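Structure, as structure tokens:
Small disclaimer: the values here were computed from a predicted structure and weren't measured. One-based numbering, in listed order, for ligands and for the atoms of each.
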Amino acid sequence: MSIDVATAGAASAAGARATDHEVVVIGAGVAGLYQIKRLMDLGVDAVVLEGDGDLGGTWYKNRYPGSRFDSESYTYGYSWSRELLDEWHWVERFSPQPETLRYLNFVADKFSLRERIRFNCFVDAMTFDEEGAFWRLRLRDGSEVTTRFVLTAVGVLSVPTYPRIEGMDSFQGPAFHTFDWPAEPLELAGKRVAVIGTGATAIQAIPEIAKQAAQLVVFQRRPNWAAPLNNSPISDEEMADIRRRYDEIFDRCSRTAAGFEHDADRRGFYNVSREERMELWDRLYDGPGFGIWLQNFLEIFLDEQANAEFSEYIADRIRRRVNDPVLAEKLIPKDHGFGIQRVPLETNYFEAYNRDNVTLVDLNETPIECITPTGIRTSDGEREFDIIVYATGFDAFTGAFDRMDITGVGGRKLRDKWADGPQTYLGLLVSGFPNLIMLAGPQIAATNFPRAIEPAVDWATELLQFMWQHGHRRFDAQESAEREWLVDVARSYELVLSGRAQSWITGYNSNLAGHEYGKTRYNVYQGGAPRYLARIKQAADEGYAGVAFS
Ligand code: NA7
């Protein structure tokens, strides 16, 4: 279907000034690329504003060694073009960052998406013009763009956070967050490298840095549970088989809680013998990807005793892999169980600590005192480094919104509204911020990311079509609907052990004021992808229940 936006837009905008565009999409990552494709197909006057110099979002930025999917590649890729599915060959089961970036460029070229993307256009501020019912965007270069609708595709982990350590600015060598790993080749051979942080990112990067650097010192505050990725190449035959099964694969992803092929073992933890549990765990530990987490007994997510028994199983696996028993104990989390935080998947992470050139510094025993021009000083003395890598996480979900100055109805700032955590309607709309749809915003389902993004893009596109077809100028989520959704999201945290995780899922970030552990921010809907998808479909089917139009 092609929409005559000149007519539709004019009808909807009766009495209002014409805007530069009908739709502005912010961000040219996985969500933004699909969104612009859908709008181009409809013949809508739409443009993507991308703050970076090229497309790819997460996969443009995260260039650190070892950066790759923890989703099976063929479950992460776009599902909406048969031709694309037939043409693209995923080379590895868990695609490395360079290949993923090639994929996104391939998609952009194949569908001529670049024509509609303006690069180096960071949106600093946006204000809703109530009289005209449109958004006025101010870009970093001072220019202004007006648009009827704004669709944000700004990423969920796209604002890196650095620790606050005295002397950070004084360090004379390269020092950067993993998110800002330099695009130009960085020589690690012969270098003394420090990595601060041991989250999923560090766990991917450490084994790769260890292979290249002369010395690697890892500064760990809290260890993370991690399990083998078990990556492998995808042969031509296997890829042909995957292509044949794509419908089945995506259908399965839409029916599992986390949007993967993996689904929980429902025999019941306590209904099977310990031997049967061990048999499952041995199999999953040697299997690919999140199987170890998501194909496990459901009770692992819900029941502390079951979780503790399984955590001890993983602890034993770690002990078997680390030569020094004292070091092994330091790498085993003692303050939370396996899978309570999103599980980092690794390739030879634990073995990296068996190398002569790798040292672990336990920050609980010897905290960092300061960063000096030549290294890092802990309570145990100073170590010299050539490079410091901060693998210290992100201002998750809301950070990318907070750094834009977003002003809605009545002059209200989004960052004020969200000061204690996000409030949304279905993770898609925000009451008081009309004509704005979040494609990858807070409170969408916690899932294999594209499996929630694609339905969000489809939902957004259909809402816009509804606007045009009905000649509406403005939509806004109702406050009551938003409050009800927040109750649902909060309830989803109560049901699972991860609802109390000390991680970005609950908004914890030790480097950000207001993000202390215990001040839960309901960043994602944890009730499972199928329930989420049914809920957003139901709202649309009911003529956008919870949304006011004018
Ligand atoms: P994470 O998972 O938030 O991990 C950040 C790590 O950095 C974690 O180990 C933190 O320790 C550590 N950290 C943060 N600040 C400090 C300071 N000030 N001092 C020492 N250590 C610190 O981010 P990632 O990038 O690893 O992973 C994010 C997601 O990316 C991941 O889940 C995947 O979905 C992909 P802490 O636990 O706070 O003690």
Side-chain angles (χ1 to χ4, degrees), residues 29-30 57-59 61-64 66-71 76 94 97 100 155-168 175-181 194-206 217-227 229 258-260 289-290 293 330-331 333-336 339-346 349 360-371 376 378-379 388-397 399 440 446-450 452 498 501-513 515-518 521 523-524:
V30 173
T58 291
W59 302 107
K61 290 296 292 178
N62 282 290
R63 293 163 187 260
Y64 61 85
S67 171
R68 64 171 67 243
F69 287 163
D70 47 21
S71 308
Y76 189 102
F94 301 97
Q97 176 269 337
T100 305
V156 297
L157 296 171
S158 51
V159 180
T161 48
Y162 284 77
R164 290 172 284 185
I165 306 173
E166 198 189 314
M168 278 172 64
F176 44 81
H177 194 283
T178 46
F179 190 73
D180 293 318
W181 192 283
V195 170
I196 300 179
T198 48
T201 299
I203 285 171
Q204 286 191 330
I206 283 165
V217 180
V218 178
F219 293 83
Q220 170 183 277
R221 190 164 58 188
R222 286 190 320 135
N224 251 287
W225 292 103
L229 177 68
F260 289 89
F290 280 131
W293 191 27
K330 286 187 196 299
L331 293 168
K334 305 289 191 299
D335 67 340
H336 67 283
I340 307 285
Q341 298 173 195
R342 196 174 188 278
V343 178
L345 296 177
E346 44 85 24
Y349 174 65
L360 182 83
V361 172
D362 182 345
L363 294 177
N364 301 300
E365 291 171 0
T366 55
I368 294 177
E369 289 180 346
C370 65
I371 297 199
I376 297 178
T378 69
S379 58
I388 298 179
V389 178
Y390 296 102
T392 45
F394 296 88
D395 185 356
F397 290 95
T447 153
N448 185 8
F449 203 37
S498 60
Q502 193 171 337
S503 86
W504 49 270
I505 298 284
T506 57
Y508 157 77
N509 185 318
S510 68
N511 307 308
L512 289 172
H515 289 246
E516 293 79 15
Y517 179 56
R521 297 164 67 91
N523 277 341
V524 287

Contacting atoms of ligand 1, where contact means under 4.0 angstrom from a heavy atom of Thr201: 24 (P), 25 (O), 26 (O), 27 (O)
Derivation and outcome, side-chain hydrogen bond (donor to acceptor under 3.5 Å, both in side chains), residues Ser71 and Asn448: CA-CA 7 Å; Ser71 308; Asn448 185 8; 2.7 Å; yes
Whether Thr161 side chain and Gly393 backbone form a donor-acceptor pair below 3.5 Å: yes
Region of Ile165 engaging ligand 1 - heavy atom pairs below 4.0 Å: neither
Expected output: side-chain Arg164 to main-chain Ser510 donor-acceptor under 3.5 Å: yes
Side chain, backbone, both or neither: Ile203 near ligand 1, heavy atoms under 4.0 Å: neither
Single hit among Thr378, Val195, Thr366 for side chain to side chain contact (heavy atoms under 4.5 Å, CB included) with Phe219: Thr378
Nearest-neighbour protein heavy atom for atom 9 (O) of ligand 1, which is reported as residue plus atom name and distance: Thr198 N, 3.0 Å
Option nearest atom 10 (C) of ligand 1 (shortest heavy-atom distance, choices Arg222, Gln220, His336, Arg221): Arg221
Atom 12 (C) of ligand 1: the protein heavy-atom neighbour that sits closest, reported with distance to 0.1 Å: Gly197 CA, 3.6 Å
Flag, side chain of Thr506 to backbone of Ala501, donor-acceptor distance under 3.5 Å: yes
Test item: Phe449 and Val156 side chains (from C-beta on) under 4.5 Å apart, heavy atoms: yes
Contact check: Arg164 vs ligand 1, nitrogen or oxygen atoms, below 3.5 angstrom: no
Any N/O pair Phe219/ligand 1 closer than 3.5 Å: no
Minimum side-chain heavy-atom gap Phe94-Tyr76 below 4.5 Å: no
No-hydrogen, no-angle side-chain donor-acceptor test under 3.5 Å, Ser67 and Asn62: no
Selection from Val156, Val343, Asp70, Ile196 by shortest heavy-atom distance to atom 21 (N) of ligand 1: Ile196
Identity and separation of the nearest protein heavy atom to atom 28 (C) of ligand 1: Trp504 NE1, 3.8 Å
Asn523 to Ala396 - nearest heavy-atom pair and separation: ND2-O, 4.2 Å
Under 4.0 Å to a heavy atom of Gly393 - the qualifying atoms of ligand 1, by number: 3 (O), 5 (C), 23 (O), 25 (O)
Rounded distance [0.5 Å steps], OG in Ser503 versus NE2 in His336: 8.5 Å
Backbone or side-chain N or O of Arg342 under 3.5 Å from ligand 1 N or O: yes
Phe394 and its ring-ring contact (aromatic ring centres under 6.0 Å, His included) partner, picked from Phe179, Tyr162, Trp504: Phe179
Ligand-residue contact atoms, ligand 1 with Pro163, heavy atoms, under 4.0 Å: 17 (C), 18 (N)
Ligand 1 contact by Phe394, heavy-atom criterion under 4.0 angstrom: yes
Nearest-neighbour protein heavy atom for atom 4 (O) of ligand 1, which is reported as residue plus atom name and distance: Gly199 CA, 3.5 Å
Heavy atom of the protein closest to atom 35 (C) of ligand 1 (residue, atom name, distance): Leu157 CD1, 4.2 Å
Part of Ser510 with heavy atoms under 4.0 Å of ligand 1, whether side chain, backbone, both or neither: side chain
Side chain, backbone, both or neither: the part of Asn511 lying under 4.0 Å from ligand 1 by heavy atom: side chain
Non-hydrogen atom of Tyr508 closer than 4.0 Å to ligand 1: yes
Residue of the set Leu363, Asn364, Asp335 for which side chain to side chain contact (heavy atoms under 4.5 Å, CB included) holds with Arg222: Asp335
Per-atom contacts of ligand 1 with Leu363, taking only distances under 4.0 Å to non-hydrogen atoms: 20 (C)
Shortest heavy-atom approach to atom 7 (O) of ligand 1 - which of Pro344, Ala391, Ser71, Ala396: Ala391
Residue and atom name of the nearest protein heavy atom (relative to atom 31 (C) of ligand 1), distance in Å to one decimal: Ala200 CB, 3.4 Å
Side chain to side chain, Gln220 and Leu331, heavy atoms closer than 4.5 Å: yes
